[in-house]
Amino acid sequence: QVQLVELGGGSVQAGGSLRLSCAASGYTSSNHCMGWFRQAPGKEREGVAAISSSGFSARYADSVKGRFTITRDNAKNTVYLQMNSLKPEDTAMYYCAALRGSCYGYPPLNPGEYNYWGRGTQVTVSS
């Protein structure tokens, strides 16, 4: 059974940092593209960052470029999202997701392309 578990959410002040992690089980994560998504109340789920199965390719939403970094450790079946210089508009439920395939060179940020989802972790940034 495929399972994704996100950890690391919390409440921080603007300008602070958080590191999210997503532990995968039930499949070989090195064969899967991984992504982080977020959804704020009343808004659609949006792609934040995605990384290819090898970890060599990454993509970011314009709103987080230069502030967020996605990485992965395939030996630990874990993907991370380092979030720096957090802003109140980053407040949302953050989800990790997995897509079957390598997605070399172009990890997608479209939530509809992902096959497996975690339950999410809340991030709240106060001004």
Side-chain angles (χ1 to χ4, degrees):
Q1 181 179 356
V2 174
Q3 190 172 20
L4 301 173
V5 179
E6 302 98 334
L7 294 173
S11 297
V12 296
Q13 290 191 330
S17 298
L18 284 173
R19 188 193 195 205
L20 307 183
S21 64
C22 173
S25 61
Y27 69 92
T28 303
S29 66
S30 60
N31 294 334
H32 289 69
C33 183
M34 300 293 293
W36 283 98
F37 300 82
R38 66 186 181 188
Q39 188 167 17
K43 295 188 177 181
E44 292 186 354
R45 190 169 298 188
E46 62 174 350
V48 174
I51 189 166
S52 64
S53 58
S54 66
F56 290 149
S57 299
R59 287 181 68 206
Y60 298 90
D62 288 343
S63 58
V64 305
K65 281 181 181 176
R67 301 188 297 121
F68 290 11
T69 302
I70 186 171
T71 57
R72 66 188 297 161
D73 185 337
N74 285 340
K76 296 181 178 180
N77 274 7
T78 300
V79 63
Y80 305 94
L81 185 68
Q82 179 66 43
M83 304 186 295
N84 299 327
S85 302
L86 283 161
K87 304 176 181 180
E89 50 263 44
D90 294 318
T91 295
M93 184 71 78
Y94 282 72
Y95 301 88
C96 76
L99 181 160
R100 290 188 295 266
S102 64
C103 61
Y104 287 140
Y106 201 76
L109 293 174
N110 178 7
E113 298 190 44
Y114 285 75
N115 306 109
Y116 308 111
W117 290 85
R119 293 188 174 185
T121 185
Q122 178 68 37
V123 171
T124 302
V125 184
S126 58
S127 58

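Note that the numbering runs from 1 along the sequence shown for the chain.
Nearest heavy-atom pair across C22 and M34 is SG-CE, 4.4 Å. Between A40 and T91, the shortest heavy-atom distance links the atoms CB-O, 3.8 Å. Residues P107 and G105 come closest through the heavy atom pair CD-C, 3.7 Å. The two residues F37 and A97 make their nearest non-hydrogen contact at CE1-CB, 3.8 Å. Considering every non-hydrogen atom in both E6 and Y95, the closest pair reads OE2-CA, 3.4 Å.
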Identify all side-chain donor-acceptor contacts of residues 11-21 below 3.5 Å with residues at least two apart in sequence or on another chain.
unit_1 : atom_1 : unit_2 : atom_2 : d
S17    : OG     : N84    : OD1    : 2.9

Going by atom type alone, with no hydrogens or angles, which donor-acceptor pairs under 3.5 Å involve a side-chain atom of residues 62-70 and a protein atom two or more places apart or on another chain?
unit_1 : atom_1 : unit_2 : atom_2 : d
D62    : OD1    : K65    : NZ     : 3.1
S63    : OG     : R38    : NH2    : 3.4
R67    : NH1    : S85    : O      : 3.0
R67    : NH1    : D90    : OD2    : 2.7
R67    : NH2    : S63    : O      : 2.9
R67    : NH2    : D90    : OD1    : 3.0
R67    : NH2    : D90    : OD2    : 3.4

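Linking Ile, Leu, Val, Met, Phe, Trp and Tyr whenever their side-chain heavy atoms come within less than 4.5 Å puts Y60 and L86 in one cluster. Connection of W117 to V123 is not established within any shared hydrophobic cluster, with ILVMFWY side chains joined at heavy-atom distances below 4.5 Å, either directly or through further cluster members. L109 and Y80 are members of different hydrophobic clusters when ILVMFWY side chains are connected at heavy-atom separations under 4.5 Å.
In this structure, OH in Y106 is found 12.0 Å from OG in S57, a value given to the nearest 0.5 Å. To the nearest 0.5 Å, atoms NE2 (H32) and CZ (R100) are separated by 6.5 Å.
When V79, L99, N115 are each tested for a side-chain contact (heavy atoms from CB on, under 4.5 Å) with C33, only one passes: L99.
Partners of N110 according to the side chain to side chain contact (heavy atoms under 4.5 Å, CB included) rule, which considers only residues two or more places apart in sequence or in another chain, are E113.
Between the side chain of N74 and the backbone N or O of S53 there is at least one donor-acceptor pair closer than 3.5 Å. Remark: side-chain polar atoms of R72 are paired, donor with acceptor, to backbone N or O of S52 under 3.5 angstrom. Between the Y114 side chain and the P108 main chain, a donor and an acceptor come within less than 3.5 Å of each other.
With a 4.5 Å cut-off on side-chain heavy atoms, I51 and W36 do not count as touching.
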